[in-house]
Structure formats: structure tokens, C-alpha cells
Amino acid sequence: MMTNFISHAHVEAAVTAVRSHTNYQPTIGLVLGSGLNALADAIEDADIIPYEPIPHWPASTVPGHSGRLVIGKLEGKPVLAQQGRAHFYEGHPMNQIVLPVRVMHKMGVRTLIVTNAAGGINADFSPGDLMLIKDHLNMLGIAGNNPLRGPNDDAFGPRFPNMIDAYDPKLRQLAQETAVANGFSLQEGVYAFVAGPSFETPAELRFLRTVGADAVGMSTVPSVIVARHAGMRVLGISTITNMAVPDPLPGTELSHEEVLETGKQIIPRLTTLLRGILQQL
Ligand code: HPA
């Protein structure tokens with residue numbers, strides 16, 4: 001378990017381990033969220049690297065999140081997919097959760113596509129929708145736990161990075177056009193990052209709705225902040241696996257199984273979307 005802040009030595013050690021298992025030079029990173037692991041099956045001629053032997057790599061312990069890197073070609077593009085991610089609620093320090101993004105950057109990844117499962121707060125959403133993330137609410141960061149807390153290494157990025165247009169407007173437009181070309185549409189909204197693992201109370205959901213959240217989830221934002229710190233372009237896509245509303249129908253109770261099941265049903269559409277986007281990158 002790492003107690004201190006991530007240094008270049010930590011990142012280098014992890015990069016060396018990954019490079020010893022692959023000759024690919026990935027330029028596009030893909031983070032696959034809850035229930036979305038099967039997306040990595042589309043990657044061709046893949047080198048598959050389990051997380052365990054990679055030094056300092058945070059392990060994922062959650063059902064539905066297998067822990068391995070899948071590096072290969074998707075639509076002819078060299079991609080590195082993180083099949084399963086570590087979450088803050090598993091007990092990892094915030095700065096360790098984001099090591100994979102630092103490793104991706106060091107390996108040459110300049111475009112990061114992050115996916116997740118999220119609860120829909122916006123009443124216009126339905127389970128099964130895909131939502132482009134246009135902005136985020138970092139509830140933990142606002143409360144003092146930002147992944148960039150600690151000494152800043154200028155070689156990683158600036159002390160005070162900008163978070164305006166953190167979710168690249170051109171990539172969002174490309175995603176919208178790709179969806180339309182394939183006969184479906186995308187929701188667009190603000191993703192609120194909470195720690196979990198308990199789902200939100202009705203009062204918390206009323207609060208999140210009031211402050212402008214369209215969806216809520218337990219991941220993604222720390223990685224996006226570190227990717228932007230490093231100057232990577234980011235595209236974020238939430239799969240709305242359930243509605244997260246303060247007044248659910250009587251008898252409805254959210255479970256992780258429901259999140260995984262809806263995630264599975266969205267995979268074909270998400271795969272079509274990602275393939276279409278990759279073709280144009
Ligand atoms: N809340 C938080 N995280 C989630 C949810 C939710 O309703 N659904 C999927 N991830």
C-alpha cells in the first residue's frame with residue numbers, strides 16, 4: 001500500500017512493467033466502467049496484462065470490474081483499455097486511483113475516453129440512455145480531497161490546472177454526430193462524483209439535483225482531473241443504469257446487480273458509438 005504521493009519513479013516502474021508485455025504504442029486510452037468490461041472483447045490482436053504484477057497499480061475488488069489492461073487495435077487505432085478500475089470507496093488513496101492515467105500518459109496516450117455507470121438524476125433521462133459528460137461536480141474535491149492535492153510535480157502538469165472544457169467540446173460534437181449517424185441520440189449533462197459505496201439518500205439526491213447534477217456516480221472524475229492536468233483530451237460517457245431520484249416508485253430499491261444488468265444491455269450501442277468515434281480520431 002502506497003502512503004505517499006505518486007512520483008515519477010512509481011509511474012516509471014509501472015510503465016516498465018506494462019511495456020515488458022506489449023510492443024503497442026497506444027495513443028488512445030479507454031476506461032471501462034461497471035458492467036462494461038465486455039467492450040474490451042472488441043479489441044483485436046490484444047496483449048492482455050493483469051493488474052497484479054504491475055507495481056503500484058490499484059487493484060479493483062468489485063464484481064463486474066475485472067482487473068486487466070487490454071492493449072491492441074480497435075478500428076485500426078492502437079488503444080489501451082483499462083478493464084476494471086479502482087474506486088475511492090475500496091479504500092485506495094485518491095492519488096493512487098489515478099496512477100493508471102499517469103501511466104497511460106507516459107506511454108503516449110493523448111486521448112482518454114472514460115465510461116462509467118451512473119444514476120440518472122435528470123427527469124428527462126431513462127435507464128439505458130447514454131449521457132455525454134459535459135462537466136462535472138467533484139463533490140470530494142470541493143470537500144478537500146482532490147487527486148492533485150500534495151506537492152505538484154511540474155513535469156506532470158501545472159499546479160493550478162484549468163477545468164473549463166475539461167470534456168473536450170470537439171470530441172463531444174464528434175460523439176453526437178456519430179450517434180446520429182447510427183440512428184440514436186445521446187443525452188448530455190453534468191456528472192456528480194460521490195464517494196459511495198452507499199447509494200444516495202433522497203435528501204442527497206434533492207441536493208445534487210438542486211446544484212445542477214444530471215447524473216451521479218462513484219468514479220471517473222479523479223481520472224479526468226489528472227488527465228487534464230497532463231494535457232490529455234477527454235471524452236466522458238455515462239451509461240444511465242438506473243434513475244437516482246429522491247421519490248422512487250414504492251417498492252423500488254437500487255442494487256449493484258441492476259446497475260450491471262442495465263450496463264450489459266447498453267454495451268452494443270456503446271460499442272457502436274466508440275467504434276464510430278475511433279474511426280474518426
Ligand atoms: N448512484 C451512484 N452511483 C451509481 C448509481 C447511482 O444511482 N448508479 C450507478 N452508479
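Basis for what follows: all heavy atoms, side chains included, without hydrogens, waters or symmetry-related copies. Order of appearance sets the numbers: ligands from 1, and atoms from 1 within every ligand.
Applying the salt bridge (charged side-chain N to carboxylate O under 4.0 Å, His left out) criterion to Arg172, with sequence neighbours excluded, gives Glu188.
When the side chains of ILVMFWY residues are joined at heavy-atom separations under 4.5 Å, either directly or via intervening members, Val194 and Ile142 end up in two distinct hydrophobic clusters.
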Return all side-chain donor-acceptor pairs below 3.5 angstrom for residues 212-220, not counting sequence neighbours, or 'none' if the list is empty.
unit_1 : atom_1 : unit_2 : atom_2 : d
Asp214 : OD1    : Asn122 : ND2    : 3.0
Asp214 : OD2    : Val190 : N      : 2.8
Ser219 : OG     : Arg85  : NH1    : 3.2
Thr220 : OG1    : Arg85  : NH2    : 3.3
Thr220 : OG1    : Asn116 : ND2    : 2.9

May I have the list of side-chain donor-acceptor pairs in residues 124-132 shorter than 3.5 Å, sequence neighbours left out?
unit_1 : atom_1 : unit_2 : atom_2 : d
Asp129 : OD2    : Ser126 : N      : 2.9
Asp129 : OD2    : Gln187 : NE2    : 3.0

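Within 4.0 Å of ligand 1, protein heavy atoms come from Ala117, Ala118, Gly119, Phe199, Glu200, Val216, Gly217, Met218, Thr241, Asn242, Ala244, Leu254, Val259.
Here the side chain of His10 pairs a donor or acceptor atom with the backbone of Ser7 at under 3.5 angstrom.
Seen from the ring of Phe156, Arg102 counts as a face-on cation partner, given the 6.0 Å and 45° thresholds.
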